[in-house]
Chemist: 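Questions regarding the structure given below will be posed in turn.
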Protein chains: 2
Amino acid sequence: MDLNKLARHAGEWLRGSGTDADIVVASRIRLARNVNDVPFVSRCTPDQKNDLAHTLSDVIIDIGIGRDGHYFSLEDLGEIDRLLLVERHLISRDHAEADGARGVAFDQHEKISVMVNEEDHLRLQAFRSGFHVEETWATIDELDNQVAERVDYAFSQELGFLAACPTNVGTGMRASVMLHLPALGLTKQIEQVVHAVQKMGLTVRGLYGEGTQASGSLYQVSNQVTLGKAEAEIVQNLASTVPTIVSMERNARQVLMEHQRERLEDKVWRSFGVLRSARAISSEETIDHLSQMRLGVNLGLLETLDMGTVNQLFILTLPAHLQKIEGRRLEPKQRDIFRASFIREALGES
Amino acid sequence: MDLNKLARHAGEWLRGSGTDADIVVASRIRLARNVNDVPFVSRCTPDQKNDLAHTLSDVIIDIGIGRDGHYFSLEDLGEIDRLLLVERHLISRDHAEADGARGVAFDQHEKISVMVNEEDHLRLQAFRSGFHVEETWATIDELDNQVAERVDYAFSQELGFLAACPTNVGTGMRASVMLHLPALGLTKQIEQVVHAVQKMGLTVRGLYGEGTQASGSLYQVSNQVTLGKAEAEIVQNLASTVPTIVSMERNARQVLMEHQRERLEDKVWRSFGVLRSARAISSEETIDHLSQMRLGVNLGLLETLDMGTVNQLFILTLPAHLQKIEGRRLEPKQRDIFRASFIREALGES
């Protein structure tokens with residue numbers, strides 16, 4: 001697999017299709033798994049990590065994930081390549097920045113990724129564009145069963161799956177949806193929604209996980225607790241809460257269209273105006289304007305654009321993607337200039 | 001003269017031609033004159049104002065200014081028409097808002113305007129695009145002589161021309177240039193320049209006179225003192241100071257082009273981006289973006305646009321002009337929407 005090719009198109013989670021895809025960008029479930037009788041990654045010797053990386057990558061490839069060169073030893077990749085995988089949500093930022101033998105395998109559609117020697121020996125992930133938590137669960141559950149046939153998991157009858165971090169003990173599951181909630185932001189209801197969601201035992205975070213800002217009105221909603229709950233229950237809790245958020249966002253969009261259409265139209269077109277005109281632009285500013293444009297396209301206010309173009313730009317304009325596309329390392333200032341020119345071209349500006 | 005026609009093109013002061021027209025938008029000189037043995041306007045009875053308006057308009061039309069229907073009794077004009085004349089600098093805001101018999105005459109090219117019963121009985125004004133203070137002086141001096149042959153001016157051998165406001169006693173002259181100084185603003189030198197200019201006995205104001213902000217980096221520099229100085233001296237003082245300011249602005253532009261070209265290009269294009277995309281925009285914001293674009297066109301950074309379009313937009317997007325063009329009164333919110341659409345059309349956006 002050539003990472004250069006990867007950098008030129010959006011993966012599964014930004015495909016923009018599936019149920020409620022105008023609001024639910026993607027669904028994702030990950031499972032934390034560890035091998036029985038081997039220390040957790042943080043306590044492994046370098047040799048143990050090496051052994052784990054070999055054994056587990058063989059298992060994954062044997063199952064069919066990471067074939068055709070889709071397995072990468074992260075210690076062999078350069079910084080930009082590792083960041084590229086982070087930007088695509090195929091690995092975590094911690095995994096990119098860690099030391100020692102570790103890797104990632106994913107399928108060519110990027111619907112599944114498996115991290116080896118992240119915080120846990122194995123982190124299995126499944127993605128699906130749109131609101132499809134149950135289907136995502138079916139995918140990851142099947143993968144988990146296949147791995148379990150080949151690996152002796154660290155499991156306690158009492159606690160469930162053991163994990164390096166106590167918050168992951170039990171099911172080891174984090175089920176999440178990525179939501180695009182611009183109208184709840186514009187109508188100042190987002191804080192209220194976040195509080196309500198938290199009361200349901202769910203966590204709300206920004207686009208790139210813990211501690212990241214909700215740039216571009218993109219939010220990840222996920223389960224808080226992994227202990228003492230069955231997987232199906234976690235999936236069900238998320239699956240039953242999301243429609244409420246979706247309908248609140250949809251209502252807010254309708255209110256905006258009815259009472260502030262002109263203001264909204266202006267906002268959306270100004271974002272388009274900046275993106276098709278700027279000669280230098282940061283990643284953060286780009287995401288904010290793309291977010292407005294995404295809303296505009298969904299509401300039929302920006303008819304000249306298609307959603308595919310907007311979705312692609314969300315990921316292709318991130319730092320590592322841009323550098324892969326340009327084929328060389330770019331300093332932040334150069335990146336801002338290249339980003340602006342790349343966006344103009346994508347938007348059909350001469 | 002049909003004021004509707006007037007509203008569709010820029011007059012002399014925005015023609016954008018003449019010496020140093022990239023920086024010196026226009027030159028203007030006005031003379032304050034009063035009729036001997038008649039009270040100043042503020043002390044006139046309504047009948048006296050009526051008599052003055054009749055007598056003086058006859059004189060002006062006899063000279064040839066205000067022929068072909070270019071004389072307007074302001075008390076007969078609606079609010080939008082009066083504001084239109086203010087926006088074109090043909091009358092002052094005070095003149096527009098005053099009561100009683102009063103008027104204005106101007107030639108078809110708007111190089112000369114004569115206000116009757118403003119603060120003084122007569123305010124003679126000459127305009128010229130670009131840096132042409134001496135030529136403007138020649139024009140207004142000739143007009144002044146022609147009026148003096150027909151009107152007995154209030155004149156004191158000791159003080160010079162008498163005027164309603166002590167600051168105008170003497171020559172009654174205010175000579176000014178309108179400068180576009182965006183680069184001095186961007187390089188944070190404008191305060192310093194303003195102080196230096198003030199030390200030369202000159203005043204710096206915004207686009208629409210006293211108390212107005214320097215929106216769009218447009219400044220009026222004019223003489224402070226009218227008493228104890230000959231007209232030629234005042235003209236000379238202005239004419240010799242302006243080239244220094246012009247060369248400072250030119251240097252600042254060069255510095256920006258050499259050291260911050262990318263930043264500047266981005267700024268200019270973003271202004272273009274907003275103007276060709278916005279769906280609602282205020283007059284103030286429009287002027288700021290036009291100012292950036294004017295700089296961009298002058299520096300060859302915005303090659304798709306010509307200066308004529310930009311200059312026209314400075315005036316045609318002002319509130320009264322827009323309402324004349326649309327042919328009806330528009331509330332501020334409607335105006336902002338119509339302004340945005342008018343600008344998009346002018347910039348060739350569909």
Side-chain angles (χ1 to χ4, degrees), chain A residues 186 256-257 259-286 288-290 292-293 295-297 299-305 310 313 317 330-350, chain B residues 186 256-257 259-286 288-290 292-293 295-297 299-305 310 313 317 330-350:
Chain A
L186 288 171
L256 286 174
M257 283 296 273
H259 301 291
Q260 300 189 50
R261 189 190 161 115
E262 282 151 357
R263 190 184 142 229
L264 187 64
E265 204 161 355
D266 183 50
K267 227 175 155 56
V268 162
W269 274 90
R270 278 173 183 250
S271 283
F272 180 45
V274 169
L275 289 186
R276 66 174 166 155
S277 306
R279 260 53 192 166
I281 192 161
S282 71
S283 187
E284 294 71 29
E285 193 190 347
T286 300
D288 282 339
H289 292 307
L290 287 174
Q292 304 283 359
M293 279 167 60
L295 178 64
V297 172
L299 293 176
L301 298 174
L302 251 185
E303 289 177 347
T304 48
L305 272 184
V310 178
L313 283 174
T317 57
L330 297 167
E331 294 309 306
K333 255 187 86 172
Q334 298 175 299
R335 226 149 59 202
D336 289 353
I337 292 169
F338 180 64
R339 180 179 293 112
S341 122
F342 180 80
I343 293 170
R344 290 200 309 278
E345 201 176 318
L347 296 177
E349 287 291 311
S350 53
Chain B
L186 288 170
L256 287 174
M257 283 295 274
H259 301 290
Q260 300 189 50
R261 188 189 161 114
E262 282 151 356
R263 190 184 143 230
L264 187 64
E265 204 161 355
D266 182 51
K267 228 175 152 56
V268 163
W269 273 90
R270 278 172 182 250
S271 283
F272 179 45
V274 170
L275 288 187
R276 66 174 167 154
S277 306
R279 261 51 191 168
I281 192 161
S282 71
S283 187
E284 295 71 30
E285 193 190 348
T286 300
D288 283 338
H289 291 307
L290 287 173
Q292 306 283 359
M293 279 168 59
L295 178 65
V297 173
L299 293 176
L301 298 174
L302 250 185
E303 289 177 345
T304 48
L305 271 184
V310 178
L313 283 175
T317 57
L330 297 167
E331 295 308 307
K333 254 189 86 172
Q334 297 175 300
R335 228 149 59 204
D336 289 352
I337 292 169
F338 180 64
R339 180 178 293 111
S341 124
F342 180 79
I343 294 169
R344 291 200 308 278
E345 202 175 317
L347 296 178
E349 286 293 310
S350 54

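Every chain is numbered from 1 and lettered A, B, ... according to where its sequence line falls, protein lines coming before strand lines.
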Chemist: Measure distances from B:I281 to the heavy atoms of chain A and classify the residue's part below 4.5 Å as side chain, backbone, both or neither.
Modeler: both

Chemist: Could you report the tightest heavy-atom contact between A:V274 and B:R270, atom names first, then the distance?
Modeler: CG1-NH1, 3.7 Å

Chemist: What residues of residues 334-341 of chain B sit under 4.5 Å from chain A when you count only heavy atoms?
Modeler: B:I337

Chemist: So which atom in A:G273 and which in B:S277 form the shortest heavy-atom distance, rounded to 0.1 Å?
Modeler: CA-OG, 2.9 Å

Chemist: Any idea which of A:K333, A:E285, A:K267 has the most non-hydrogen atom pairs under 4.5 angstrom with chain B?
Modeler: A:E285

Chemist: Do any N or O atoms from the side chain of A:R263 and from the backbone of B:A280 form a donor-acceptor pair under 3.5 angstrom?
Modeler: no

